[in-house]
Chemist: 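Sharing a structure here in structure tokens format.
Hydrogens, waters and symmetry mates play no part in the numbers below; they use all other heavy atoms, side chains included.
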Amino acid sequence: MEYATSSAPLSELEVDCAVIGVTPAGPLPGSGPLGEAATSELARMIEARTIDTRHAKVQLLPLPKGQPVQHVLAVGLGGKPLSPAEFRKACEAAGKALRDRHCARVVNLLAHAEVTDRAEAWKVRQVLLGFDAGAYRYVATKKKPSEAGPGTESVLIHSSEAQAEALREASAIARGMALARELGNLPPNICTPEHLAVQAREIADRYSSVSVEILDRQEMEELGMGALLAVASGSRNEPRLIILRHQGTGSDDAPYALVGKGITFDTGGISIKPRQGMEEMKYDMCGGAGVFGAFLSCAELNLPINVVAASPAVENMPDGAACRPADVVTTLSGQTVEILNTDAEGRLILCDTLTYVQRYQPRTIIDTATLTGACVVALGQHASGLMTPDDALADELLSAGEAIHDRAWRLPLWDEYQEQLDTPYADFSNLGGMPAGAITAGCFLARFCEDARWAHLDVAGSAWIGGTRDGATGRPAGILAQYLIDRAGG
């Protein structure tokens, strides 16, 4: 989808539909571009309660001939200034309402809404990101993608100023989040470890600043990645360790490192999961997909920083060669781990990758993973779980999440939780038991980053929404991309 900004009246624009916010008091003050006749008709319909002005309620209305547009999409904004979350929800509702409609060219006037403590540039970014998220359609494996309509092709965001930089950043972030969603939603017989490797090569081919390296099983064996390979041992789909590098500044500048869990399907291994809901385990690679998306945004913007993005791409399957509960493996760091549960596999592939990326001497390492159901219990689907021993890094990530509306919530990472990983048979185990399951998973990863500035994002609740048409959300590509933009001074 193409996006641009405009401050021109609608009579000068060739569009099919205008998206406008409505309140009990009438259309938004920014509805002037509609023209006096259309604005008056909307005000009459609102007064007659023909239009529902409740928050995020949408109605597509035809306009009489002679008006500057054929249709108006009225988006209810309620009767008070919106919170940032309410505004984002309204923007997404507009995208969803038009994704199957014959409204190819749209002008969106929602940036004129009043949002508490937010400037116009922020609103322009969220109009684009929210509308793009709402308009997303999965079509990759459908013979007939849609019988309702072609969806929206281009959007003009109406604002008082051009907001070119806000538009540029938001467009790049939207492309990254769309990539993350598409990878997450693909079926696991298509989105295998090798498929992710192919996607990485295509990104590298597209941008001159990007290079890629793919490690295969033999190379990982030679390095000593015993934990990662233990997870891969039961699958016929060969594992891949994918490393993308963006060189945006001098080669001597330390990079920022992103690490994303890429379990392309998770049966649980020998500790097999229940049958019900197992089909949703195709989303267990959404941490890796989010890292791919954030990296794509970084390359698209050609940020003046260096970035390393790594994703261990593995399938976790039961087989005669699969690892077992009670197995002890030696990680790349040399530490040994007793595998108490083969379904606690994400931390096993991440730990070797976290050790590996430290060879690049990064400024910061951020790993992200659909790691624990315990995080879903704690935070639901609205916030990702953030864990780090570094207060300044926590503040940077929380700030990035608020700015982009891909929010996180910090959980403690105290030494007292580490005791739950104790075992007499190895340096530690891969499971801390029922209490504080999300935190003990973070404690496990912390043992491989003791000399690094590191943070962990558990996106088990935020990266995908089960049982819905939309599935993957594209998160955490947003918070990661915003974090990199902030580091680049964007």
Chemist: Regarding D367 and K261, does a basic nitrogen lie under 4.0 Å from an acidic carboxylate oxygen?
Modeler: no
Chemist: Are E120 and R125 close enough for a salt bridge, meaning some N to O gap below 4.0 Å?
Modeler: no
Chemist: With a 4.5 Å limit on heavy-atom distance, are the side chains of L60 and L98 in contact?
Modeler: yes
Chemist: I'd like to know if the side chain of D406 reaches the main chain of R475, judged simply by a donor and an acceptor atom lying under 3.5 Å from each other, with no hydrogens or angles considered.
Modeler: no
Chemist: Side chains of I263 and E345, heavy atoms from C-beta outward: is any pair under 4.5 Å?
Modeler: yes
Chemist: So, does D16 use its side chain to make a donor-acceptor pair with the main chain of A104 at under 3.5 Å?
Modeler: yes
Chemist: Supply the atom-to-atom distance M317 CE to R236 CZ, rounded to the nearest 0.5 angstrom.
Modeler: 9.0 Å
Chemist: Please report the interatomic distance NZ(K282) to CG(L183), rounded to the nearest 0.5 Å.
Modeler: 11.5 Å
Chemist: With sequence neighbours excluded, tell me which residues meet salt bridge (Lys or Arg N to Asp or Glu O under 4.0 Å) with D253.
Modeler: none
Chemist: Got a sec, which residues hit ring-ring contact (aromatic ring centres under 6.0 Å, His included) with W454, two or more places apart in sequence or on another chain?
Modeler: none
Chemist: Is the shortest heavy-atom distance from the side chain of P84 to the side chain of R88 under 4.5 Å?
Modeler: no
Chemist: I'd like a table of donor-acceptor pairs (distance under 3.5 Å, sequence neighbours excluded) in which one partner is a side-chain atom from residues 205-215, with atom names and distances.
Modeler:
unit_1, atom_1, unit_2, atom_2, d
Y207, OH, E300, OE1, 2.5
S209, OG, H246, ND1, 2.8

Chemist: Is it the case that S462 and S384 place a side-chain donor and acceptor less than 3.5 Å from each other?
Modeler: yes
Chemist: Please name all residues satisfying salt bridge (Lys or Arg N to Asp or Glu O under 4.0 Å) with R168, sequence neighbours left out, ordered by chain then number.
Modeler: E165
Chemist: Under 3.5 Å, is there a donor-acceptor pair between the side chain of K123 and the main chain of A113?
Modeler: yes
Chemist: If the condition is side-chain contact (heavy atoms from CB on, under 4.5 Å), which residues does A392 pass it with, not counting sequence neighbours?
Modeler: D390, R453
Chemist: Minimum heavy-atom separation for A140 and E182, please, with both atom names.
Modeler: CB-OE2, 3.4 Å
Chemist: State, without any angle test, whether T249 and N306 hold a side-chain donor-acceptor pair at a distance under 3.5 Å.
Modeler: no
Chemist: Is the number of heavy atoms from other residues, nucleotides or ligands under 6.0 Å of E14 CD greater than 12?
Modeler: no
Chemist: For side-chain hydrogen bond (donor to acceptor under 3.5 Å, both in side chains), just list the numbers for T370 and D284, CA-CA rounded to whole Å, side-chain angles, deciding distance to a tenth of an Å, and then say yes or no.
Modeler: CA-CA 6 Å; T370 52; D284 212 19; 2.6 Å; yes
Chemist: Indicate the atoms forming the closest heavy-atom contact of P27 with I20, along with that distance.
Modeler: CB-CD1, 4.1 Å
Chemist: Checking Q126 side chain against I404 main chain: does a donor-acceptor pair fall under 3.5 Å?
Modeler: yes
Chemist: Quick one: pull up CG in L13 and OG in S6 and give me the separation to the nearest 0.5 Å.
Modeler: 4.5 Å
Chemist: Backbone N or O of G260 within a donor-acceptor pair of the T368 side chain at under 3.5 Å?
Modeler: no
Chemist: With E315, which residues qualify under side chain to side chain donor-acceptor pair (under 3.5 Å), at least two apart?
Modeler: S235, N237
Chemist: Does E114 have any side chain to side chain donor-acceptor pair (under 3.5 Å) partners at least two apart in sequence or in another chain, and if so, which?
Modeler: none
Chemist: Which residues pass the salt bridge (Lys or Arg N to Asp or Glu O under 4.0 Å) test with D132, not counting sequence neighbours?
Modeler: none
Chemist: Among all residues two or more places apart in sequence or in another chain, which pass the salt bridge (Lys or Arg N to Asp or Glu O under 4.0 Å) test with K96?
Modeler: D470
Chemist: Among D216, V314, V198, T264, which one satisfies side-chain contact (heavy atoms from CB on, under 4.5 Å) with R240?
Modeler: D216
Chemist: How long is the straight-line distance from CD1 of I157 back to CG of L109, given to the nearest 0.5 Å?
Modeler: 10.5 Å
Chemist: According to ring-ring contact (aromatic ring centres under 6.0 Å, His included), who are the partners of F87, at least two apart in sequence or on a separate chain?
Modeler: W122
Chemist: Tell me if a side-chain donor or acceptor on R105 pairs with a main-chain N or O of L156 at a distance below 3.5 Å.
Modeler: no
Chemist: List the residues meeting ring-ring contact (aromatic ring centres under 6.0 Å, His included) with Y136, not counting sequence neighbours, and say none if there are none.
Modeler: none
Chemist: Can you confirm whether C17 sits close enough to V107 that some side-chain heavy atom of one is under 4.5 Å from a side-chain heavy atom of the other?
Modeler: no
Chemist: Under 4.5 Å between any side-chain heavy atoms of V291 and L480, yes or no?
Modeler: yes
Chemist: Check whether any side-chain heavy atom of T152 lies under 4.5 Å from a side-chain heavy atom of F131, and answer yes or no.
Modeler: yes
Chemist: Determine all donor-acceptor pairs shorter than 3.5 Å in which one atom belongs to a side chain in residues 69-82; sequence neighbours excluded.
Modeler:
unit_1, atom_1, unit_2, atom_2, d
K80, NZ, E86, OE2, 3.4

Chemist: Check this for me: K273, atom NZ, are more than 12 non-hydrogen atoms of other residues, nucleotides or ligands nearer than 6.0 Å?
Modeler: yes
Chemist: Does CD belonging to E47 count more than 12 external heavy atoms closer than 6.0 Å?
Modeler: no
Chemist: Salt bridge or not between E194 and R201? Use side-chain N to carboxylate O under 4.0 Å.
Modeler: yes
